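Worksheet: one structure, shown below.
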Amino acid sequence: MHPIDWLILIGYLVASLLVGLWLARRNRDEADYFVAGRRLSGWLAGASMAATTFSVDTPLYVAGLVGVRGLAGNWEWWSFGVAHVAMAVVFAPLWRRSGVLTDAAFTELRYGGATAAWLRGIKAFLFALPINCIGIGYAFLAMAKVSEALGLAPTPESRLTLLAIVGLLVLVYTAAGGLWAVVVTDLMQLVLALGGAVAVSWAAVNAAGGMDALLESLRALNRPELLSPVPWQLEGGRLRWLDSAGISVATFSAYIALQWWSFRRSDGGGEFIQRLLATRDERQARIASWVFLGVNYLLRSWPWILVALAAVVLLPDQTDWEQSYPLLAVQLLPPVALGLVVVSLVAAFMSTVSTAVNWGASYLTHDLYQRFMRPQASQRELLLIGQLASVLLVVLGVITALLSTSIGAVFRLVIAIGTGPGVVLVLRWFWWRINAAAELAAMLGGFLVGFSTSVVPLLRIDDYGLRLLATTAITAVVWIAAMLATPPESAEVLEQFVRVVRPAGPGWTAWRRRTGVEPQESLLDLVSQLLGSCAVLFGALLGLGGFLLKLPLWGWGGLVVAVLGLLALRQRAQLQGSLRQALGQPPQG
């Protein structure tokens with residue numbers, strides 16, 4: 001890199017540190033430190049959510065997917081859009097209404113007794129340490145790959161030094177500033193990361209001769225999966241599966257029909273839930289979710305994909321496709337522009353790690369230390385424990401990175417060990433009979449089965465789709481048996497939950513009669529909103545890609561689906577407004 005690029009990078013790191021330290025003065029208690037005093041706007045919270053998922057590993061991960069599996073490989077992460085739409089439409093207001101500090105603490109609102117306490121403690125431990133540290137670790141792994149490709153740190157020793165320096169900066173401003181520092185720096189980091197992605201994609205497409213030349217070169221490679229949004233093609237009226245994509249029928253089916261609801265983030269996901277709980281009210285929680293959806297799926301997908309497609313043409317001898325993104329940045333961008341892209345990648349890395357650290361520390365502090373060790377701990381003591389927990393998580397994350405080699409492999413391991421409990425996490429909002437034993441069994445069963453079928457040689461299932469199916473099925477047997485073998489939650493606990501959260505669905509009818517509390521919306525309304533919103537999101541996603549890649553059938557088809565979804569949502573909103581007006585009820589926010 002040119003000296004001016006180093007100056008840009010150093011200037012950004014110093015600015016992030018100063019912002020974090022300046023915001024530290026806002027932290028007076030645990031709620032300030034972990035949920036920003038519940039004062040975030042939906043726009044800021046949503047930008048933070050988007051920045052969190054835009055880590056330095058994600059453009060590398062997408063480059064690896066497209067280079068190996070083609071365009072359809074992106075369904076490995078696009079499929080989570082259904083769960084994220086459900087978060088926006090269904091779960092965001094429910095989470096904000098609950099008023100808890102963490103999703104682990106929610107378990108003792110929804111359930112009661114010793115089993116609920118065990119569930120809270122085990123969930124906090126698993127999410128804060130093994131699962132969270134794997135996530136932090138693959139962010140550090142991606143940063144190491146980027147620093148090697150960019151020439152920032154060509155030797156293992158220099159890479160370790162660079163990671164230590166950047167990790168220390170993240171640790172200082174995160175530990176000092178808490179969630180306020182995380183979300184404000186997230187906004188800066190998101191703008192930089194999006195700008196960097198657009199800059200690299202623009203340079204890559206131009207280097208390939210422009211979009212027309214790039215598409216022509218891709219078609220000449222005789223790899224039809226590269227430009228196919230699905231792993232099949234119609235030829236002569238017959239469906240031909242694209243074996244060259246390396247995506248089996250079982251795997252693609254798991255993406256579309258299983259992964260998004262079986263995964264442990266089916267009702268939001270820990271870091272996202274933290275942002276939703278930090279918003280001012282339910283309306284801001286919904287706005288946050290929609291901001292995230294727009295940025296994550298519509299704005300970010302295609303710049304990454306364009307770089308990945310251009311890399312296939314420009315770097316034909318590449319063996320590690322995950323490194324093609326930073327390699328193209330180094331080869332194609334001039335000084336200053338390269339410096340800004342490097343800053344964007346470092347910013348994406350810092351955003352993800354800072355969020356994971358603060359989120360994990362909230363479990364260790366609120367759900368383990370305060371709940372089980374020091375219930376009477378002062379606010380000052382809890383802030384200190386949160387800062388110490390942040391240090392521990394960064395150290396463990398670095399160790400995890402040193403033991404990993406492939407970003408995509410680690411991503412799939414994270415999904416595998418989190419698959420299984422998702423259906424229970426959804427049902428607990430809509431069916432009174434789900435109890436703490438069922439959720440505990442689903443969480444532990446999914447973790448153990450997912451880990452065993454991914455890592456243990458004798459139990460390993462190589463086909464990704466079959467692995468998810470087996471994990472979900474075995475976990476379902478475990479949690480259903482646990483639920484039937486144990487008594488339901490007490491009437492006192494269930495009535496309190498209904499009063500606080502006001503859940504929808506027939507699963508709570510008897511309890512609504514007992515409490516006299518009605519839901520905000522019916523289950524039918526929520527399902528119709530979910531379907532219409534999915535049509536808007538995926539129609540827009542595929543329509544944008546279709547027009548960009550000059551696939552007119554996908555472009556116009558996606559546009560029609562998105563417009564029909566919007567019209568359906570608008571018609572439903574008008575009917576709901578008229579009905580509420582006729583009943584003399586206030587309009588919804």
Side-chain angles (χ1 to χ4, degrees), residues 20-21 23-39 95 98-133 135-136 170-183 270-271 273-278 353-397 399 436-437 439-440 443-444 447 489-490 492-493 496-497 500:
L21 294 176
L23 289 168
R25 61 193 178 88
R26 293 193 174 205
N27 294 318
R28 298 179 300 275
D29 56 29
E30 190 182 23
D32 284 327
Y33 194 77
F34 292 124
V35 289
R38 304 191 195 277
R39 288 175 284 170
W95 277 113
S98 73
V100 295
L101 193 72
T102 67
D103 57 331
F106 171 79
T107 59
E108 290 196 290
L109 171 65
R110 175 61 178 82
Y111 314 117
T115 308
W118 274 101
L119 173 61
R120 179 178 179 178
I122 293 172
K123 175 176 280 193
F125 175 81
L126 287 178
F127 285 3
L129 293 174
I131 291 176
N132 193 33
C133 287
I136 295 172
V170 173
L171 176 60
V172 170
Y173 81 71
T174 304
L179 189 62
W180 275 115
V182 172
V183 295
E271 304 98 319
I273 292 169
Q274 185 188 37
R275 301 303 190 278
L276 300 177
L277 292 170
V353 173
S354 63
T355 288
V357 168
N358 184 263
W359 171 60
S362 71
Y363 288 135
L364 296 177
T365 304
H366 184 65
D367 298 300
L368 291 177
Y369 184 80
Q370 184 183 26
R371 173 63 179 83
F372 296 104
M373 299 177 188
R374 289 271 294 168
Q376 304 304 320
S378 67
Q379 291 299 317
R380 186 172 182 177
E381 181 181 345
L382 292 174
L383 289 177
L384 175 61
I385 293 299
Q387 292 167 342
L388 294 175
S390 299
V391 175
L392 174 66
L393 290 170
V394 170
V395 172
L396 292 177
I399 293 172
E439 184 172 336
L440 181 60
M443 182 178 65
L444 293 178
F447 183 88
E489 300 299 328
S490 68
E492 180 183 1
V493 168
Q496 175 66 10
F497 179 76
V500 172

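Heads up: numbering here begins at 1 and tracks the sequence. From a predicted model like this one, the values you see are computed outputs, not experimental measurements. Below, all heavy atoms of this structure are taken into account, side chains as well, without hydrogens, waters or symmetry copies.
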- Task: Begin with the C-alpha distance, continue with both residues' side-chain angles, and end with the deciding distance and a verdict on side chain to side chain contact (heavy atoms under 4.5 Å, CB included) for V182 and R275.
- Result: CA-CA 11 Å; V182 172; R275 301 303 190 278; 3.6 Å; yes
- Message: Looking at every heavy atom in both R39 and D32, which two are closest together, and how far apart are they?
- Response: NH2-OD1, 3.1 Å
- Query: How long is the gap from OG1 on T174 to CH2 on W359, to the nearest 0.5 Å?
  - Reply: 15.0 Å
- Item | Residues which pass side chain to side chain donor-acceptor pair (under 3.5 Å) with W95, listed by chain and number, not counting sequence neighbours | none
- Query: Side chain of Q496, backbone of L109: donor and acceptor closer than 3.5 Å?
  - Reply: no
- Query: So how far is it from N27 CG to W180 CH2, rounded to the nearest 0.5 Å?
  - Reply: 9.5 Å
- What's the spacing between E271 CD and D103 CG if we round to 0.5 Å? 9.0 Å
- Can you list the steps and then say if F34 with L277 is a side chain to side chain contact (heavy atoms under 4.5 Å, CB included)? CA-CA 10 Å; F34 292 124; L277 292 170; over 6 Å; no
- Query: Minimum heavy-atom separation for L23 to A181, with atom names?
  - Reply: CD1-CA, 3.7 Å
- Message: Ignoring hydrogens, what is the shortest heavy-atom contact between L396 and C133? Give both atom names and the distance.
- Response: CB-SG, 3.5 Å
- Which atoms form the tightest heavy-atom contact between L364 and L368, and what is the distance? O-CB, 3.5 Å
- Item | Worked check of side chain to side chain contact (heavy atoms under 4.5 Å, CB included) between I385 and Q370 | CA-CA 10 Å; I385 293 299; Q370 184 183 26; over 6 Å; no
- May I ask you to decide if G112's main-chain N or O and E489's side chain share a donor-acceptor pair within less than 3.5 Å? yes
- Query: Roughly how far, to the nearest 0.5 Å, is the CZ atom of R374 from the OG1 atom of T365?
  - Reply: 13.5 Å
- Item | Non-neighbouring partners of A176 that pass side chain to side chain contact (heavy atoms under 4.5 Å, CB included), sequence neighbours left out | L21, A24
- Query: What distance do T102 atom OG1 and R371 atom CZ have between them, rounded to the nearest 0.5 Å?
  - Reply: 11.5 Å
Review item, side-chain donor-acceptor pairs of residues 119-128, under 3.5 Å, at least two apart:
from	atom 1	to	atom 2	distance (Å)
R120	NE	D367	OD1	2.8
R120	NH1	E108	OE1	2.8
R120	NH2	H366	NE2	3.4
R120	NH2	D367	OD1	2.9
K123	NZ	E439	OE2	2.5

- Query: Any sub-3.5 Å donor-acceptor pair from Q379's side-chain atoms to E30's backbone N or O?
  - Reply: yes
- Item | Shortest non-hydrogen separation from L382 to A377 and the atoms involved | CD2-CB, 3.9 Å
- Query: Can any side-chain N or O of R38 pair as donor or acceptor with the backbone N or O of G99 at less than 3.5 Å?
  - Reply: yes
- Item | side chain to side chain contact (heavy atoms under 4.5 Å, CB included) evaluation trace for F106 with F497 | CA-CA 10 Å; F106 171 79; F497 179 76; 3.6 Å; yes
- About how many Å separate OH of Y33 and CG of L101, when rounded to the nearest 0.5 Å? 12.5 Å
- When every non-hydrogen atom of L179 is compared with those of V35, the smallest separation belongs to CD2-CA, 3.6 Å
- Message: Using a 3.5 Å distance criterion without hydrogens, assess whether the side chain of Y111 forms a donor-acceptor pair with backbone atoms of A117.
- Response: no
